[in-house]
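Take a look at the structure set out below.
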Amino acid sequence: MSTTPGTPVLSRRHSVSPRSARSLLLTVLGELVLPSKNPVWTSALLHVLAGLEVEEKSARQAIARTASDGWISSERDGRRVRWVLAPPGRKLLSEGAQRIYSVGERQTSWDGRWLVVIASVPETQRKLRHKLQTRLAWAGLGNPVGGMWVSPHPERAEEVRRIIADLGLEGSALSFVGPYGEIGSERSLVNRAWDLAQVGDHYEQFLAMVAAEPTPAAGDATLYAQVRLVHEWRRFPFLDPQLPDTLLPSKWIGHRARTVFDAKHDAWAPGARARWAELASD
C-alpha cells in the first residue's frame with residue numbers, strides 16, 4: 001500500500017500475512033539486508049526464501065513487486081543482479097524495526113495523558129477507510145467507537161498528523177491530548193478500544209511456536225530459524241497497542257513473550273548473520 005509513488009507504506013497485509021512470499025521477503029530485508037547496508041545478490045534472497053518453503057517463481061515475483069513498489073532498486077554486474085534498499089525503503093524499514101523491537105517492553109511510567117483523534121471515512125470509500133484503519137493501528141491507536149481513535153502515547157501525535165495529512169483528511173479530522181475525564185473508566189475505554197484477550201491468544205501461539213522450534217544446527221538452519229522468529233514477531237505492532245503497565249492485565253503475557261523473543265533472537269543472531277554474510281558475498 002502506497003500513498004504516493006516512491007513512498008512505500010508498511011501495510012497490515014505485509015506484516016501479518018502468514019508467511020507469504022512478499023511478507024517473508026520484507027522480513028529478510030529488514031532483519032538481514034538493512035543492518036548489513038550492503039547490496040545483496042538475487043541468488044542470496046532466493047536461497048533464503050527457498051529455505052522458508054517459498055517456490056522460486058513466487059520469490060522472484062515478490063522481489064519484482066517489492067522493487068516496483070519502491071522498496072529496493074537493482075544494480076547489474078555482468079549477468080548478475082544485486083539489490084540495494086532504496087532510500088524510502090531503508091527509512092521505512094528502519095522505523096519499522098524500531099517499532100517491532102519495542103513491542104513487549106515494560107512501561108512502568110505514564111503521565112496519564114491520552115491522544116484522541118476524531119477521523120472517519122464514509123463506508124463508500126472503502127480503500128481510504130482501510131488505509132486509515134491500517135496506519136492508525138500500526139501507530140498503536142485503538143478504535144473504541146466509530147470515528148474515534150485513542151492511544152495512551154501522546155508522543156505519537158506527530159506520526160498521526162502525518163498519517164492524516166498523507167491521506168488527505170486534514171480538513172475533517174480533529175485531535176487533542178489530555179487526561180481521562182470523570183465519566184466511565186479507563187479500563188472500560190481499553191476494553192472497548194482493544195481486544196487484549198485476543199492479543200494474548202496471539203502471544204500464546206507465538207510462545208507455542210517458539211517452544212516447538214528445535215535448537216537449529218549451524219548454518220542455514222540457524223538463519224531460517226531466525227527469520228521465522230522475527231517474521232512471527234513482526235505481527236505484534238499491529239496487534240499489541242503497547243499500553244502502559246497500569247492499563248494491562250496483571251502478569252501480561254506480552255512481557256513474557258518479549259523475554260522469550262529476546263533470548264532466542266540473541267542466541268541465534270551471530271550464527272544467522274555469519275551465514276548471511278557468506279551468502280551475500282558469494
Side-chain angles (χ1 to χ4, degrees), residues 10-20 23-24 26-32 34-35 52-53 93-110 134 136-143 150-153 155-156 186-187 189-216 221-273:
L10 191 66
S11 75
R12 183 181 180 89
R13 173 173 52 83
H14 291 153
S15 280
V16 183
S17 179
R19 299 194 182 183
S20 71
S23 63
L24 281 167
L26 293 181
T27 299
V28 172
L29 293 175
E31 178 67 12
L32 301 173
L34 178 66
L52 299 169
E53 301 180 355
L93 286 173
S94 296
E95 292 173 352
Q98 292 175 1
R99 186 66 51 81
I100 289 165
Y101 291 112
S102 69
V103 171
E105 290 181 345
R106 289 187 176 276
Q107 299 182 40
T108 55
S109 62
W110 178 49
T134 296
L136 290 181
W138 170 256
L141 277 72
N143 188 205
V150 300
S151 169
H153 295 285
E155 69 277 8
R156 294 183 185 173
E186 286 179 315
R187 179 65 60 190
L189 176 62
V190 167
N191 291 339
R192 294 174 68 174
W194 298 281
D195 187 344
L196 293 184
Q198 186 178 68
V199 177
D201 288 343
H202 284 291
Y203 277 124
E204 289 282 9
Q205 293 166 16
F206 171 80
L207 290 170
M209 183 213 75
V210 173
E213 182 84 52
T215 301
T222 298
L223 177 58
Y224 302 152
Q226 183 81 326
V227 173
R228 285 193 297 269
L229 177 78
V230 175
H231 188 71
E232 293 298 323
W233 191 253
R234 272 183 57 208
R235 301 181 303 157
F236 289 108
F238 279 108
L239 302 172
D240 187 342
Q242 301 180 64
L243 302 176
D245 287 2
T246 56
L247 298 176
L248 288 171
S250 62
K251 298 181 180 179
W252 175 235
I253 189 174
H255 298 327
R256 177 159 58 93
R258 171 60 187 267
T259 299
V260 170
F261 171 79
D262 284 346
K264 294 294 184 181
H265 190 270
D266 292 348
W268 296 341
R273 290 171 184 163

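The side-chain hydrogen bond (donor to acceptor under 3.5 Å, both in side chains) analysis of residues 236-249, with sequence neighbours excluded, yields the pairs Ser102-Gln242, Tyr203-Asp240, Asp245-His255.
Contact record, Leu229 with Val210: CD1-CG2, 3.8 Å, taken as the closest heavy-atom pair. Considering every non-hydrogen atom in both Ala225 and Glu213, the closest pair reads CB-OE2, 4.1 Å. The two residues Ala193 and Val150 have their closest heavy-atom pair at CB-CG2, 4.0 Å. Residues Leu52 and Tyr224 approach most closely at CD2-O, 3.9 Å, considering heavy atoms. For Ile253 against Gly200, the heavy-atom pair with the smallest separation is CG2-CA, 3.8 Å. Of all the heavy atoms in Arg234 and Ile100, the pair that sits closest is CG-CD1, 3.6 Å.
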(message) Would His265 and Glu31 count as a side-chain contact (heavy atoms from CB on, under 4.5 Å) here? Give the steps.
(response) CA-CA 11 Å; His265 190 270; Glu31 178 67 12; 2.9 Å; yes
(request) Step by step, work out the side-chain contact (heavy atoms from CB on, under 4.5 Å) result for Trp233 and Lys264. (result) CA-CA 12 Å; Trp233 191 253; Lys264 294 294 184 181; over 6 Å; no
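Residues Leu239 and Trp194 fail the side-chain proximity criterion, which asks for heavy atoms closer than 4.5 Å. Taking the side chain as every heavy atom from C-beta outward, Trp110 and Leu247 approach each other to under 4.5 Å.
Taken to the nearest 0.5 Å, the CG atom of Asn143 stands 10.5 Å off from the CZ atom of Arg192.
Listed for the Arg258 side chain is a donor-acceptor partner under 3.5 Å among the backbone atoms of Tyr101. Although no hydrogens or angles enter the test, the distance criterion places no donor-acceptor pair under 3.5 Å between the side chain of Arg256 and the main chain of Leu207.
Checked against Thr27 for a side-chain hydrogen bond (donor to acceptor under 3.5 Å, both in side chains), the options His231, Gln226, Arg228, Glu232 give a single hit: His231.
By the neighbour-count criterion of 12 heavy atoms within 6.0 Å, atom CZ of Arg156 is densely surrounded, having more than that number from other residues, nucleotides or ligands.
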